[in-house]
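The figures here come from the full heavy-atom set of this structure, side chains too, leaving out hydrogens, waters and symmetry mates. All chains are named by letter (A, B, ...) in the order of the sequence lines, taking the proteins before the strands, and each is independently numbered beginning at 1.
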2 protein chains.
Amino acid sequence: MTLSQTQHPDPAHDHDHCVHTALTTAAHLCTARGVQLTPIRHQVLELIWESHKAVKAYELLDRIKPLKAAAKPATIYRALDFLISQGLIHRVESLNAFIGCRCSGRSHEQLLLICKHCQQVEERTPEIMLKALAKELQSAQFVAHSKAIEIHGICKQCADKA
Amino acid sequence: MTLSQTQHPDPAHDHDHCVHTALTTAAHLCTARGVQLTPIRHQVLELIWESHKAVKAYELLDRIKPLKAAAKPATIYRALDFLISQGLIHRVESLNAFIGCRCSGRSHEQLLLICKHCQQVEERTPEIMLKALAKELQSAQFVAHSKAIEIHGICKQCADKA
DNA sequence: TAAAAAGATGTTATGTTATAACATTAGCCT
DNA sequence: AGGCTAATGTTATAACATAACATCTTTTTA
């Protein structure tokens, strides 16, 4: 059991690779699960993966309109609900926004590090902390269904620049 | 360093005591800090402390109207902003709602256990977990400004009843 | 293969949460 | 009195999200 490794936001990383991995993994998972990654859902997922910044539902709506002029809020929210239910994206509660999930289909307890400066969100799965949390919940006799652990602050890259 | 003790929601607890403690502590803290716990702010704080359930801004608005017919959304949100800035309440990000803070003026990293059944929110300060989190943040070289750790599930009391 | 069921999307309307912007008031300091 | 700051009043609107019902498409099954 170790501390999780830094995954983002590295300004030099190959983002096309992130996107490609996310989309192909999503496609495989949906096939394996017998659920449909329809064109709308795929487009929304792709838009979310355009960057590592959390993106708002109405931003997605604006950005999908060139492709789908008839898109309405429900169009987006339904796609988001699906993607969340499949663990392909996360909702960032403290921002009312959404980010792509880097570990779809696995684990699903994550720490989100949200940079106030660059808006990028880093997802981590810090095992030691999560074990301690599990223990705390056990001691409280609280049965957890979902967990939101969201830290706002300044990421290393932005701190270095300043 | 130990696991934090259960504080709530205990159906048999003396809630008048909670309220009294919260309000007198708030008054003292504000005096000490040279900030004003005005009538509006006091009323909002009192309304929030009516229970251990998270309460929505517009619920507060409805409930304050008998006392203050002219109350508007801004009336409430400004009071909430003040109370949050003084650490007297917490915003529950995942509910868009607010709860009274049990440890005003102290610490301020807290775990919120949110019961889906009774809606009550328990605030804990689990030292082991928070140390592990601090270590994780350090390893990520992320400078935290604020932390939201919110767990949704079923509390002991509701689990026992079922 | 036709009918039924389930899943996805279209469409309209509305509900909910939150803030901006500017005016007014109250208390305090000089 | 004049000027400052903090708080509140007031109007309007922005931002976020869902309900409800219609339609279409795919799969199931009688």
(request) For A:Ala54, enumerate each residue passing the side-chain contact (heavy atoms from CB on, under 4.5 Å) test, keeping only those at least two apart in sequence or located in another chain. (result)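 With sequence neighbours excluded, A:Ala54 shows a side-chain contact (heavy atoms from CB on, under 4.5 Å) to A:Val92, A:Leu95, A:Ala97, A:Ile99, A:Val121, given in chain and number order.
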With sequence neighbours excluded, residues passing side-chain contact (heavy atoms from CB on, under 4.5 Å) with B:Thr31: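 B:Thr31 satisfies side-chain contact (heavy atoms from CB on, under 4.5 Å) with no other residue.
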B:Arg124 side-chain N/O to B:Leu113 backbone N/O, donor-acceptor pair under 3.5 Å:
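No: the side chain of B:Arg124 does not pair with the backbone of B:Leu113.
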ask   = In residues 35-43 of chain A, which residues come under 4.0 Å of DNA chain C by heavy atom?
value =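 Residues of residues 35-43 of chain A that come under 4.0 Å of DNA chain C are, in numerical order, A:Gln36, A:Thr38, A:Ile40, A:Arg41.
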Rounded to the nearest Å, what distance is computed from the [atom1] atom of residue [X] to the [atom2] atom of nucleotide [N]?
X	N	atom1	atom2	value
A:Ile76	C:dA8	CD1	P	16 Å
B:Ile64	D:dT8	CD1	C1'	12 Å
A:Lys72	D:dA22	NZ	P	17 Å
B:Glu93	D:dA17	CD	P	12 Å

- Task: Respond yes when some side-chain nitrogen or oxygen of A:Lys68 is under 4.0 Å from OP1 or OP2 of C:dG10, and no when none is.
- Result: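 Answer is yes, contact under 4.0 Å.
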Sequence-distant partners of B:Asp16, salt bridge (Lys or Arg N to Asp or Glu O under 4.0 Å), two or more places apart:
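In terms of salt bridge (Lys or Arg N to Asp or Glu O under 4.0 Å), with neighbours along the sequence ignored, B:Asp16 is linked to no residue.
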Contact string for nucleotides 25-30 of chain C, one letter per nucleotide 5' to 3', B = base within protein heavy-atom range under 4.0 Å, S = sugar-phosphate only, - = neither, reads ------
Heavy-atom contacts, protein to nucleotides 16-23 of chain C, under 4.0 Å, summarised as B (base), S (sugar-phosphate only) or - (none) per nt, yield -BBB-B--
- Message: Enumerate the ring pair (Phe, Tyr, Trp, His ring centres under 6.0 Å) contacts for residues 21-49 of chain B, please, sequence neighbours excluded, ordered by first and then second residue.
- Response: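 Ring pair (Phe, Tyr, Trp, His ring centres under 6.0 Å) check on residues 21-49 of chain B returns B:Trp49-B:His52.
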query: Any ring pair (Phe, Tyr, Trp, His ring centres under 6.0 Å) pairs touching residues 113-147 of chain B, not counting sequence neighbours?
result: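 Those involving residues 113-147 of chain B do not exist here.
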**Message:** Determine whether B:His15 and B:His17 satisfy the following criterion, side-chain hydrogen bond (donor to acceptor under 3.5 Å, both in side chains), listing intermediate values before the conclusion.
**Reply:** CA-CA 5 Å; B:His15 191 61; B:His17 178 69; over 6 Å; no
Show the atom names and distances, to 0.1 Å, of all donor-acceptor pairs under 3.5 Å that link a side chain in residues 60-77 of chain A to residues at least two apart or in another chain.
{"unit_1": "A:Arg63", "atom_1": "NH1", "unit_2": "A:Glu50", "atom_2": "OE1", "d": "2.5"}
{"unit_1": "A:Lys72", "atom_1": "NZ", "unit_2": "A:Ala70", "atom_2": "O", "d": "3.2"}
{"unit_1": "A:Thr75", "atom_1": "OG1", "unit_2": "A:Lys72", "atom_2": "N", "d": "2.9"}
{"unit_1": "A:Thr75", "atom_1": "OG1", "unit_2": "A:Lys72", "atom_2": "O", "d": "3.1"}

Counting only pairs under 3.5 Å, give me each side-chain donor-acceptor contact of residues 146-154 of chain A, with atom names and distances, residues two or more places apart or in other chains.
{"unit_1": "A:Lys147", "atom_1": "NZ", "unit_2": "A:Glu109", "atom_2": "OE1", "d": "3.3"}
{"unit_1": "A:Lys147", "atom_1": "NZ", "unit_2": "A:Glu109", "atom_2": "OE2", "d": "2.8"}
{"unit_1": "A:Glu150", "atom_1": "OE1", "unit_2": "A:Glu93", "atom_2": "N", "d": "3.4"}
{"unit_1": "A:Glu150", "atom_1": "OE1", "unit_2": "A:Ser94", "atom_2": "N", "d": "2.8"}
{"unit_1": "A:Glu150", "atom_1": "OE1", "unit_2": "A:Ser94", "atom_2": "OG", "d": "2.4"}
{"unit_1": "A:Glu150", "atom_1": "OE2", "unit_2": "A:Glu93", "atom_2": "N", "d": "2.8"}
{"unit_1": "A:His152", "atom_1": "NE2", "unit_2": "A:Ser94", "atom_2": "OG", "d": "2.7"}

Partners passing side-chain hydrogen bond (donor to acceptor under 3.5 Å, both in side chains) against A:Asp160 (at least two apart in sequence or in another chain) |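 A:Lys156.
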Residues that B:Ser51 engages under side-chain hydrogen bond (donor to acceptor under 3.5 Å, both in side chains), provided they are two or more places apart
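In terms of side-chain hydrogen bond (donor to acceptor under 3.5 Å, both in side chains), with neighbours along the sequence ignored, B:Ser51 is linked to no residue.
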